[in-house]
There are 2 protein chains.
Amino acid sequence: MKTQEQDTLAYPFDYLAYLLARASTSVSAEFHRELRRLGIPVSTWRIVASVSEKARSVSELAGIVLMQQPTLSKALDRLEAQGLVERERREDSRRKVYVKPTEKGRMLAERLKPKAQLHEQEVLKELTPDEARKLKAALRRLIRHYERDNST
Amino acid sequence: MKTQEQDTLAYPFDYLAYLLARASTSVSAEFHRELRRLGIPVSTWRIVASVSEKARSVSELAGIVLMQQPTLSKALDRLEAQGLVERERREDSRRKVYVKPTEKGRMLAERLKPKAQLHEQEVLKELTPDEARKLKAALRRLIRHYERDNST
DNA sequence: TTCAAATAATTGAAAATTCATGTTATGACT
DNA sequence: AGTCATAACATGAATTTTCAATTATTTGAA
């Protein structure tokens, strides 16, 4: 009946980095399964959701959707072929390429957002409001610290 | 000089799932770069570290290292070829395959663990002891909740 | 006991990712 | 203006991952 271990989770590590990775995958698993049932890759969801807020340059978008730039370039080729996003060159900089959703892409994003928000509500139910607030604050702080100026 | 945006992080989402994913990647980035300098894939580190605690079956290990089974199977082929791990069949169940480190694998794990621990210390410096404790507790709770019995 | 369903792991073909490099555009400095 | 370093994105080849079977073993129900 049980696929996993009996009562204790197999938990070899206590590293914060590991707990974050594991929490990330397990918390997202259900929503990702939902996307999968709809035949939508996670990257597609992230990309259309991001650019429907605001057009983004490729490298900026790569940072947001947590992909490497060449991976994203190729994902964009696919999404462009599906008519979900468009690449746009602007006058301010001729090397930047801005990505924006097509009407179809925007509709897809709008269709998925309520599902994402519902999932968010479900997740937050596992925490008290205070815990949730502190958790998010801690995560934002870690992100801010580790992402500030990567001129290494 | 700055690769990223000027002063604010590009932060389109406030979903906990997204903050977890982003915190996970940004917190781990430095350690992952260190592994990369050593020519060691992240998966190799995770696998040898996991099995040097305790031999694990393939599916159990897949859960721990956050990989899908087929992905892990093939990663194990590579690690076995490099002489870092061994597959072992036991009497208790002839379909399970246990993975354990070779001497070389164990040495690799022992060499990397201090680096991981050092990284952990660095990360924890960003939080007060109380914050760190609460953060880990919240993460463990989320993990426990979302991983308990996936008999869906 | 027997047989169908479930579990554990592997495999092969297709798809996506990665690494290194290529191309073009900017910026800075002389 | 000319040169050099850097930034932004794309691309090709190699590697890895994924999806959908397949094989082998175990469970359990009739």
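Residue numbers begin at 1 in each chain, while the letters A, B, ... track the order of the sequences.
- Taking the six-membered ring for Trp and thresholds of 30 and 60 degrees, F13(B) and Y18(B) have ring planes more than 60 degrees apart, a perpendicular arrangement.
- Atom CG of L72(B) is separated from atom C1' of dT10(C) by 11 Å (rounded to the nearest Å).
- Salt-bridge check for E34(A) with R36(A): failed, with every basic side-chain N at 4.0 Å or more from each acidic carboxylate O.
- Looking only at distances, a side-chain donor or acceptor of T102(B) sits under 3.5 Å from a matching main-chain atom of G83(B).
- The distance from atom CG of L35(A) to atom P of dT18(D) is 15 Å, rounded to the nearest whole Å.
- In this structure, CZ in R140(B) is found 4.5 Å from CG in D14(A), a value given to the nearest 0.5 Å.
- One interatomic measurement links the two molecules: NZ of K74(A) to P of dT16(D), which rounds to 15 Å at whole-angstrom precision.
- Comparing S73(A) and M67(B) against DNA chain D, the residue whose closest nucleotide sits nearer the 5' end is S73(A).
- For residues 79-98 of chain A, proximity to DNA chain C is found at S93(A), R94(A), R95(A), defined as any non-hydrogen atom under 4.0 angstrom from a strand atom.
- A search for side chain to side chain donor-acceptor pair (under 3.5 Å) contacts involving Q69(A) returns S73(A), not counting sequence neighbours.
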- line: Taking Watson-Crick and G-U wobble contacts under 3.5 angstrom, with | marking pairs to another strand and [ ] crossing pairs, the secondary structure of DNA chain D is written ||||||||||||||||||||||||||||||

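- Separating the CZ atom of R78(B) from the P atom of dT18(C) is a distance of 13 Å, rounded to the nearest angstrom.
- For T71(A) and dA16(C), the shortest distance from a side-chain N or O to OP1 or OP2 is not below 4.0 Å.
- Residues that satisfy the side chain to side chain donor-acceptor pair (under 3.5 Å) test with R87(A), not counting sequence neighbours, are D77(A), E80(A).
- Between the CD atom of Q68(B) and the P atom of dA16(C) there is a distance of 14 Å, given to the nearest Å.
- Every residue was checked against the side chain to side chain donor-acceptor pair (under 3.5 Å) condition with E53(B), not counting sequence neighbours, and none meets it.
- Remark: P of dT17(D) and CZ of R46(B) are 12 Å apart, rounded to the nearest angstrom.
- Ring pair F31(A)/W45(A) is perpendicular by interplanar angle, where above 60° counts as perpendicular and below 30° as parallel.
- Among residues two or more places apart in sequence or in another chain, the side-chain contact (heavy atoms from CB on, under 4.5 Å) test is passed with R94(A) by none.
- Nucleotide dA9(C) holds its P atom 13 Å from the CZ atom of R56(B), rounded to whole Å.
- Nucleic acid contact for Q69(A): base, since at least one base atom lies under 4.0 Å from a heavy atom of the residue.
- Atom CG in D77(A) sits roughly 12 Å away from atom P in dT17(C) (whole-Å rounding).
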